[in-house]
Every structure is written in C-alpha cells, then in structure tokens.
Participant: 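Below you'll find the structure I mean.
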Amino acid sequence: MIVPAIKKEISLLSIPNIWYLCFPIFFTFSCQTDDNTTLPPAEGSINGFWFSEALGYILEFTDGKDAVYNINSAGCSIADDDFELEDFVPNLVSANELILTTDLNESDFEFTRLSNQNPICVPGQIAATDDPKVNFDHFWNIFNDYYAFFDTRNIDWSQYQGLQDQVTADNFYETIEDLIVLLEDGHVSIYDEENGIEIDSGLSKLLERLNANLSGDFIAESEDDLGDLFNQKATTIVTEYLGGDFEIDERDNIVWGLINDTVGYINILTMAGYGSDFSNEMSTLNIILDRVMNDLKESGVSKLIIDIRFNGGGHDTAALDIVSRFIDQERLLYTKKYKLGDSFTEKRAVSVGPKGDFQFTGDIILLTSPASISAADLFALCMKDLPYVTIVGENTAGALSNVLSHTLPNGAEIGVSNEVYEDPRGVVFEVVGIGPENQENRVPFLSTSDFQEEKDSGIERSIELLQK
C-alpha cells in the first residue's frame with residue numbers, strides 16, 4: 001500500500017531526483033503485530049477495530065490476519081487484508097484509545113476503538129470491483145473528504161462529480177488523470193501496479209518551472225532530461241566550487257566541503273534513504289550529521305551555504321533532525337492540521353531545539369529551487385525565520401503535506417494532500433512555496449547561461465552575500 005516514489009540515481013553524486021518522494025501519512029511501509037507486542041503504558045489486547053476519522057482508516061487486529069480499510073463518503077474499500085504492524089509502536093492508552101508512533105513522522109496517529117461489529121466497514125460486505133462508476137465515486141469522494149487545497153488552488157471540485165455518469169472502463173483513468181493534473185500538486189498521484197498506471201499531478205508544473213530559464217537543447221521534456229541537467233549541475237558544483245575535494249556519506253545523500261577558507265558548503269540531496277531499512281533510518285542520519293558537523297567545526301568556517309535545490313523530500317523527522325543542527329534555541333517552527341470533511345482537526349504545534357555536540361549558527365545562505373519538495377519544503381519553512389539565515393534561489397515546490405494514501409475498490413492507490421502546514425504567524429506556503437524575500441536574491445536553479453558558462457549563479461550570489 002505504498003504511494004510510488006519516482007526515484008532515479010544520477011551517476012556523479014547519485015543524486016536522487018525524487019520529484020515525488022513523499023511518504024504517505026500512514027502505512028507507507030509494512031506494518032506488523034504479534035503476540036509478543038508490548039503495549040505501554042496500559043496492558044491489554046489491541047484486537048478489534050480501530051478508527052481514525054482524520055485519516056479515514058480502520059484497522060482490524062485479530063489473532064490471525066490483520067486488515068486495513070479505507071473509508072470515504074462513497075463507502076469502504078480494503079487497503080490491505082494481510083498487513084503487519086512492524087515499524088509503528090502501538091500505545092494502548094486506554095481500552096478505547098490507541099496511539100501509533102513512528103520515528104519517521106513527528107506526529108502520533110490516534111485511533112478510537114469501534115464495536116466488534118465494525119458498523120462502518122462490515123467485513124465480508126466489501127467487494128473489490130473494477131466497475132468504473134463505483135471507482136469514480138470513491139475517487140471523487142476521497143478528494144472531497146480529505147483533500148485540503150481546493151480553495152488554495154482555485155478548484156471547484158463539485159463541478160466534476162457528474163462525470164461519474166460518463167466514465168467507462170475505457171476512459172476511467174484518462175478521466176481521473178485529467179482531474180488530478182488540474183491540481184498541479186506534487187503530492188497527488190494515482191498508482192495501479194496491475195494495469196501499469198502511474199500518474200503524477202505535479203510533474204508538468206515542475207517541468208514548466210524548471211524550464212523557465214532554459215532554451216534550445218537545454219529544455220527538459222522529461223524526468224530523464226532533468227536528470228541529465230541535474231548531473232551537469234552537480235558536476236559544476238563539485239569541480240568549480242569545491243575543487244573536487246568533498247566528503248559524501250556512504251549512500252550518497254549528503255555532500256559537504258569548503259568553498260574557501262571562510263565559507264562551507266553542504267548539499268542535502270534527500271530527506272530519506274539514510275538507513276539500511278526504516279528501523280535505523282534516523283539513527284544513521286544522525287551519525288552522518290555528527291560527521292558533517294564535526295568537520296564543519298574543525299574547519300573553522302564562519303559562514304555556510306546549505307543547498308536543498310536537488311532535494312525531492314522524504315521524512316519530516318529527517319528534515320527536523322537536520323534543522324536541529326542549525327538552530328540556536330528551542331523554537332516553535334510550524335503547526336499542522338488535517339482536513340476533516342468541511343472542517344479541520346485541531347492544530348498541532350511542532351518545536352525543534354538544538355541537537356548534537358555542535359550547532360552552526362553563523363551566517364547561512366539556504367539555496368532553494370522548485371525541485372525542493374515535501375520534506376525539503378518543510379526544511380525551508382523551518383529555516384526561513386532564523387535570524388542568521390538568508391534564502392537565495394527560487395521558491396520551493398509548495399507541497400508540504402504528507403501524503404494520505406487511500407485505495408480504490410479496483411486496488412489502485414490514490415495519494416492525497418490532507419495536511420495544512422502553517423508558520424508561527426499562521427501563513428500557509430502550500431502552492432506558493434518558500435523563497436527569497438528580496439528580488440535580488442532570486443536566482444534560477446537551471447539556466448542556459450549557467451550551463452554555457454559552467455557556473456552556478458546561486459552559489460555565486462551566496463558567496464557575494466556572505467562576503468559583505
């Protein structure tokens with residue numbers, strides 16, 4: 001039950017151009033429970049049905065096979081009839097309250113016990129079907145119930161409900177693709193493995209933004225073209241600005257080195273893929289961060305460029321752990337809430353404080369681009385108000401929400417943006433992204449002139465600002 005992550009490895013630095021590496025808000029990976037599970041602080045069995053209204057999930061725990069159901073206003077579908085709760089820690093707070101936690105999300109997932117009869121989804125009465133009208137009804141209602149940004153994107157979703165009468169087996173995917181492409185949302189997707197369907201809402205917008213300053217043979221028409229351009233860009237950075245002398249972690253996710261005697265450089269290429277599996281993802285990241293920060297401290301540099309222009313996102317907690325190495329004190333960084341029908345859940349506040357033996361709090365330039373998406377968006381949101389941080393580049397993708405994954409009755413997976421992130425002043429950066437405050441600091445990530453002259457105007461502008 002995984003929303004697909006489009007991921008390519010680029011040869012020079014193995015830069016993952018993960019345009020949509022955005023992990024679903026729940027069950028992005030296998031889950032498991034067994035008889036030996038410890039349930040602090042309350043003792044008892046989690047067997048039975050558990051419901052999250054905000055997520056539209058029902059969990060069924062038994063002594064045999066467990067199951068996950070998705071619900072929306074059109075009905076119920078089976079998301080997984082044989083799942084294992086492996087990477088979440090269950091906390092049975094009371095007989096009727098279950099909280100699941102994971103190191104890969106800063107928020108807990110709250111569930112309420114249902115009666116054993118499960119009045120919302122009755123097992124045995126939920127039929128998988130390829131009927132296009134039934135599937136369209138579920139598709140439309142999943143977005144109507146959980147998608148948070150119709151108003152932000154100026155979309156009147158109600159006008160498309162009537163398309164249910166027009167869909168057929170032949171035009172079903174074409175019809176729903178036309179609708180999600182309207183959203184231009186990098187966190188919205190359709191994935192049907194059995195039928196070879198993989199549709200991403202935000203790719204065309206990303207290509208448009210990255211092509212804005214390219215011409216001729218440099219114009220990118222596909223993800224492969226972008227991969228080639230990213231590789232050229234990376235080559236320029238490590239040869240022209242780091243002089244070929246740089247460090248990189250074992251999985252090629254963070255590059256660091258010195259621009260000169262006073263300016264350091266860190267390129268955070270992704271917010272995921274640091275560990276060998278999900279269980280050691282965050283611990284491995286922090287071991288790498290210890291190395292980076294120790295090298296930075298020993299170098300004696302007083303100024304720093306942090307580059308997230310290649311960063312396709314990953315885990316929120318990875319972004320926050322990286323932020324903790326560049327923060328001077330505990331700070332409220334953002335709040336978030338879930339879409340819930342016609343309303344929202346209560347806001348949850350997220351604060352971050354210093355972590356590790358050394359935090360760099362000298363002058364920092366943060367380089368951003370339209371390819372900075374998801375957890376990279378979040379990283380920029382967290383860093384933008386630090387008094388010693390200046391943003392140079394272009395606005396980030398503006399896709400901060402985690403992805404809520406729901407399954408249609410035909411088995412296709414739908415990715416939906418259902419969370420609203422706000423900065424401490426209540427400003428929402430979904431769609432618009434986070435970028436430079438001053439026009440003179442707006443520098444394109446990809447430009448024909450940069451490629452022709454083998455330079456990086458973003459780094460050039462950063463050095464100029466740091467030397468003032």
Side-chain angles (χ1 to χ4, degrees), residues 10 12-17 209-210 212-214 218 220 226-248 252-270 292 295-296 299-312 322 326 360 362-373 376 379-380 383-384 386 388-397 433-468:
I10 300 178
L12 177 68
L13 298 177
S14 298
I15 298 170
N17 58 359
R209 291 184 64 189
L210 290 175
N213 295 281
L214 295 172
F218 293 105
L226 284 179
D228 292 339
L229 293 176
F230 275 33
N231 192 52
Q232 292 182 55
K233 191 75 168 177
T235 301
T236 297
I237 291 171
V238 299
T239 57
E240 301 299 323
Y241 296 94
L242 300 181
D245 185 11
F246 59 92
E247 298 291 328
I248 188 167
D252 302 342
N253 291 328
I254 299 182
V255 176
W256 67 100
L258 300 180
I259 299 289
N260 55 44
D261 290 341
T262 60
V263 179
Y265 175 84
I266 301 174
N267 196 321
I268 305 165
L269 301 168
T270 179
V292 174
D295 286 354
L296 195 62
S299 73
V301 297
S302 57
K303 304 175 189 298
L304 181 64
I305 298 171
I306 301 178
D307 195 341
I308 60 167
R309 293 175 297 173
F310 301 87
N311 195 310
I322 298 172
F326 304 101
F360 187 94
D363 291 340
I364 295 175
I365 301 294
L366 178 63
L367 285 169
T368 57
S369 83
S372 308
I373 188 172
F379 183 82
M383 295 285 287
K384 71 180 180 65
L386 298 180
Y388 40 86
V389 172
T390 301
I391 297 180
V392 169
E394 300 172 88
N395 282 30
T396 59
I434 299 101
E437 291 186 355
N438 302 321
Q439 186 61 37
E440 57 268 28
N441 291 336
R442 292 196 170 274
V443 181
F445 175 38
L446 304 178
S447 69
T448 298
S449 60
D450 270 15
F451 285 118
Q452 291 174 336
E453 299 173 27
E454 296 185 354
K455 69 177 184 179
D456 187 309
S457 293
I459 293 180
E460 296 280 354
R461 177 58 179 165
S462 300
I463 295 171
E464 179 184 352
L465 288 172
L466 291 172
Q467 291 179 337
K468 287 185 176 179

Participant: Do I248 and I254 touch side chain to side chain, with heavy atoms closer than 4.5 Å?
Facilitator: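 A side-chain contact is absent here, since even the closest heavy-atom pair is not under 4.5 Å.
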
Participant: Can you list the residues that meet the side chain to side chain donor-acceptor pair (under 3.5 Å) rule with S449, with sequence neighbours excluded?
Facilitator: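 Listed in chain order: S447.
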
Participant: Could you tell me if the side chain of E247 sits less than 4.5 Å from the side chain of D295, heavy atoms only?
Facilitator: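 Heavy-atom side-chain distance check passes, below 4.5 Å.
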
Participant: Under the side-chain contact (heavy atoms from CB on, under 4.5 Å) test, which residues partner I259, sequence neighbours left out?
Facilitator: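 Y241, L242, V263, Y265, I305, I459, I463.
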
Participant: Among pairs that include at least one residue of residues 231-240, which meet salt bridge (charged side-chain N to carboxylate O under 4.0 Å, His left out), considering only residues two or more places apart or in two chains?
Facilitator: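 Applying salt bridge (charged side-chain N to carboxylate O under 4.0 Å, His left out) to every pair that reaches into residues 231-240, excluding sequence neighbours, yields K233-D450, K233-D456.
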
Participant: Roughly how far apart are N253 CG and N311 CG, rounded to 0.5 Å?
Facilitator: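 Here the rounded value is 9.5 Å.
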
Participant: With sequence neighbours left out, what residues match Q439 under side-chain contact (heavy atoms from CB on, under 4.5 Å)?
Facilitator: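 Listed in chain order: R442.
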
Participant: State which residues pass side-chain contact (heavy atoms from CB on, under 4.5 Å) with A380; sequence neighbours excluded, sorted by chain then number.
Facilitator: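 With sequence neighbours excluded, A380 shows a side-chain contact (heavy atoms from CB on, under 4.5 Å) to I308, L366, T368, T396, I434, given in chain and number order.
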
Participant: Within this structure, what is the CG-CG distance for the pair L304 and L296, rounded to the nearest 0.5 Å?
Facilitator: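 The CG atom of L304 sits 5.5 Å away from the CG atom of L296.
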
Participant: In sequence, state the C-alpha distance, the side-chain angles, and the governing distance for V443 and E394, and then conclude on side-chain contact (heavy atoms from CB on, under 4.5 Å).
Facilitator: CA-CA 6 Å; V443 181; E394 300 172 88; over 6 Å; no

Participant: At their closest point, which heavy atom of S372 faces which heavy atom of R309, and how far apart are they?
Facilitator: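 Looking at all heavy atoms of both residues, the closest pair is OG-CA, 3.6 Å.
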
Participant: Using side-chain heavy atoms (C-beta onward) and a distance below 4.5 Å, is N260 in contact with Q467?
Facilitator: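 N260 vs Q467: side chains touch.
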
Participant: Mind running side-chain contact (heavy atoms from CB on, under 4.5 Å) on L367 and V392 for me, showing each step along the way?
Facilitator: CA-CA 5 Å; L367 285 169; V392 169; 3.8 Å; yes

Participant: Quick one: list whatever passes side chain to side chain donor-acceptor pair (under 3.5 Å) with E453, sequence neighbours left out.
Facilitator: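 Checked E453 against side chain to side chain donor-acceptor pair (under 3.5 Å); matches are K455.
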
Participant: For atom CG of D245, is the number of surrounding heavy atoms from other residues, nucleotides or ligands below 6.0 Å larger than 12?
Facilitator: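 Check fails, neighbour count at 12 or below.
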
Participant: Is there a side-chain contact (heavy atoms from CB on, under 4.5 Å) between V292 and F360 once you walk through the steps?
Facilitator: CA-CA 11 Å; V292 174; F360 187 94; over 6 Å; no

Participant: Identify, with sequence neighbours excluded, every residue that meets side chain to side chain donor-acceptor pair (under 3.5 Å) alongside R461.
Facilitator: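 Per chain and number, R461 pairs via side chain to side chain donor-acceptor pair (under 3.5 Å) with N441, E464.
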
Participant: What residues, two or more places apart in sequence or in another chain, satisfy side chain to side chain donor-acceptor pair (under 3.5 Å) together with T448?
Facilitator: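 T448 satisfies side chain to side chain donor-acceptor pair (under 3.5 Å) with S215 only.
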
Participant: Would you list the pairs meeting ring pair (Phe, Tyr, Trp, His ring centres under 6.0 Å) in which at least one residue belongs to residues 438-468, sequence neighbours left out?
Facilitator: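 Passing the test, one end in residues 438-468: F218-F451, F230-F445, F310-F445.
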
Participant: What distance do K468 atom NZ and D363 atom CG have between them, rounded to the nearest 0.5 Å?
Facilitator: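 So the gap between those two atoms works out to 12.5 Å.
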
Participant: Within this structure, what is the CG-CD distance for the pair L446 and Q232, rounded to the nearest 0.5 Å?
Facilitator: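 If we round to the nearest 0.5 Å, L446:CG and Q232:CD are 9.5 Å apart.
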
Participant: Would I237 and D307 count as a side-chain contact (heavy atoms from CB on, under 4.5 Å) here? Give the steps.
Facilitator: CA-CA 11 Å; I237 291 171; D307 195 341; 4.0 Å; yes

Participant: Report yes if some heavy atom in the side chain of N267 is under 4.5 Å from a heavy atom in the side chain of F246; otherwise report no.
Facilitator: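 No, side chains not in contact.
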
Participant: How far apart are the closest heavy atoms of S462 and I365, and which atoms are they?
Facilitator: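 Where S462 meets I365 most closely, the heavy atoms are OG-CG2, 3.1 Å.
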
Participant: Nearest 0.5 angstrom please: I322 CD1 to I266 CD1, how far?
Facilitator: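 Between I322 CD1 and I266 CD1, I get 9.5 Å after rounding to 0.5 Å.
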
Participant: Within the 4.5 Å heavy-atom criterion, are P370 and N395 side-chain neighbours or not?
Facilitator: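 The answer is no; the side chains never approach within 4.5 Å.
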
Participant: Taking side chain as C-beta onward, heavy atoms only, is E437 less than 4.5 Å from I391?
Facilitator: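 No, every pair of side-chain atoms sits at 4.5 Å or beyond.
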
